[in-house]
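Below is one structure, written out as structure tokens, with a few remarks after it.
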Amino acid sequence: MTTQQPSDLHLGVKILHDPVRNKGTAFTDAERQALKLTGLLPPRIHSMAEQELRVLGNVRAKPTDLERYLYLIALQDRNETLFYRVVMNNIEEMMPILYTPTVGKACQEFQHIYRKPRGFYVSLNDRGNVREMLQNWPHKDARIIVVTDGGRILGLGDLGADGMGIPIGKLSLYTACAGIHPTQCLPVMLDVGTDNERLLNDPLYNGIEQRRERGAAYDELVEEFISAASEVFPGVLIQLEDFGNSNAFRFLKHYRDRTCLFNDDIQGTGAVAVAGVIAALRITGGKLSDQKLLFLGAGEAGIGIADVFVAALVEQGLSAEQARERCWFVDSTGMVVKSRENLAVHKLPFAHDHEGCDDFLSAVKMLRPTAILGLSGQPNTFTEDVIKAMADINERPIIFALSNPTSMAECTAEQAYTLSDGRAVFASGSPFDPVTIANQTFVPGQGNNAYIFPGVGLGVIASQSRTVTDEMFLAAAHSLANQVSDSDIERGRIYPSLARIREVSALIARDVAKIAYDNKLTDKEEPEDILADVREHMYKPVYPHYA
Ligand code: NAD
């Protein structure tokens, strides 16, 4: 008599519980026989298209976006291939659920909606053990890590360990938008405590029970993590995400030459917003070098945009100093000018020798910008007076209310269009519905970083670049702007349709990879057809055949 091995006995059950291999009711008869699945599934075999229909029906029947988020994450935990098929085929509908604004709500509720672990947690208490812990990650071929310390989640502030929803969401977008294989994506939370009282007082909070560490122990943990990750997963691309602003600038500067690393909040935002400005000029007319940008908010996003804008003007022949004179900032203490004391280091290059003022409206009137960009995390700050002043100064004012989530946008799409008599070229960070005024429909652009980071990541991975350079983000901005069609522009839309995101990402990746080859940032030989090589790296959500 032969005895069955437990591993053999449970093969079918194991496969059904493995989201990477599970096909649910799509397993064929032959597969059910071979994998010991007979009896464990209802007899009817469904195609993936039928499974997708069922999922869509369920998602749409949910009463709230948060419920939709929970349903989709549960699907991701159950059957990853089907999850990505649904997301990719319905990206415009799914992105606001898996990313901003719903992911913000999910992070705020994380301690209550928590079901199943996803991603990798490293806390202050793990110092000294990070390299060993990373060996526990089940997939040995991690190519992209998105890591946060939860310090500044979207525009929602410190959410501590509950910020994990952001790396998870961003990596889902890497797969959905650029085809990075799901098993190559590693979401990481560096839990260094939180100063969020609501979380500290909630017994269900998932993070360590202590205030946010800001001293040497914090820096040591970041150092240990980045060194260990680069060692355990050689060549891995690390994306810093939603760190508080002084840490974000500091770590980017410190690690970018040493490791393959970038900061999406700074550099990705820079590229997506500059692409929007370049595309907007097809509506407003005028040259890039004639634009004057006035930012509300001088943090990671605002300075990141200004840096890419300066690089774009330098490319056109301006000196860096001349280019910086086209960028002006108002932050929480007023206009950023030379005479202000104790300005943060990242603001200094943009502190002009000019009379200051306390409020944004005065700055608009004084500087007469062609574009205003909101990155303050403060809603209703592009007031009626501000929008009207911009419409008085410019025939076609550029108004970007980029703060996330939707509730934090500096103004709504409707306000921008109505108060400018339909003349504003508007974009936001989170999506707004089209607005109809006097029979004319305006389609707001969504300056979503998802247009940029997946393509940049794909380009870096495909080319095996050792570093991520500023030039790559400028190239990504041009690539994105070039992909806005004439029909998009006719509808007032300055970003391509999200439905085209995989193609957009592939072309961005090609341009990013080209920079890696041209600048010898990689040991890989330049392929004859870079785009074809990039496409070969793109995952498709198709079930494998097991029998
Ligand atoms: P940050 O904390 O680094 O910077 C915020 C800045 O806003 C600071 O300079 C602060 O002084 C300023 N500020 C705060 N209150 C203000 C007020 N009342 N008036 C004027 N300025 C004020 O944050 P960040 O990373 O730069 O992000 C800012 C916002 O931009 C967030 O809401 C974020 O979600 C959004 N964002 C959008 C995109 C996008 O749309 N693609 C990308 C990144 C960030």
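Position 1 is the first residue of the sequence; numbering continues from there. All figures in this text were calculated on a predicted structure; none of them were measured in a lab. When a ligand or atom number is given, it counts from 1 through the structure's own listing order.
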>> Test ring-ring contact (aromatic ring centres under 6.0 Å, His included) on Y451 and Y99; report intermediate values, then the result.
In response: CA-CA 13 Å; Y451 281 116; Y99 207 66; over 10 Å; no
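The aromatic ring centroids of Y255 and F225 lie 6.0 Å or more from each other.
Distances below 4.0 Å separate heavy atoms of A298 from the following atoms of ligand 1: 6 (C), 8 (C), 9 (O). Residue G447 approaches ligand 1 through these ligand atoms, each under 4.0 Å from one of its heavy atoms: 39 (C), 40 (O), 41 (N). Residue-ligand proximity, N245 to ligand 1, at heavy-atom distances under 4.0 Å covers atoms 1 (P), 2 (O), 3 (O), 4 (O). Each of the atoms 1 (P), 3 (O), 4 (O), 6 (C), 8 (C), 9 (O), 26 (O) of ligand 1 lies under 4.0 Å from some heavy atom of G299. Ligand-side atoms of ligand 1 in range of L375: 5 (C), 6 (C), 7 (O), 28 (C), 29 (C), 30 (O), range being under 4.0 angstrom from any heavy atom.
With hydrogens left out, the protein atom closest to atom 15 (N) of ligand 1 is Q378 CG, 3.3 Å, a heavy atom. The protein atom (non-hydrogen) at minimum distance from atom 27 (O) of ligand 1 is R152 NH1, 3.4 Å. Given atom 26 (O) of ligand 1, the protein heavy atom at minimum distance is A301 N, 2.9 Å.
Salt-bridge annotation for D470 and R256: present, with a side-chain N of the basic residue lying under 4.0 Å from a carboxylate O of the acidic one.
Counting heavy atoms under 4.0 Å from ligand 1, residue M408 does not touch it at all. With a 4.0 Å cut-off on non-hydrogen atoms, T269 touches ligand 1 through its side chain and not its backbone.
Every residue meeting the ring pair (Phe, Tyr, Trp, His ring centres under 6.0 Å) condition with F295, not counting sequence neighbours, appears here in chain and number order: F329.
Polar contact with ligand 1: absent for N448 (N/O pair, distance under 3.5 Å).
Under a 4.0 angstrom heavy-atom cut-off, T381 registers as lying outside contact with ligand 1.
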Table please: side-chain donor-acceptor pairs of residues 496-509 below 3.5 Å, with sequence neighbours left out.
unit_1 : atom_1 : unit_2 : atom_2 : d
S497   : OG     : A499   : N      : 3.0
R500   : NH1    : Q483   : O      : 3.1
R502   : NH1    : Y539   : O      : 3.3
R502   : NH2    : Y539   : O      : 2.9
E503   : OE1    : R535   : NH1    : 3.0
E503   : OE2    : R535   : NH2    : 3.4
S505   : OG     : C177   : O      : 2.9
S505   : OG     : I501   : O      : 3.0

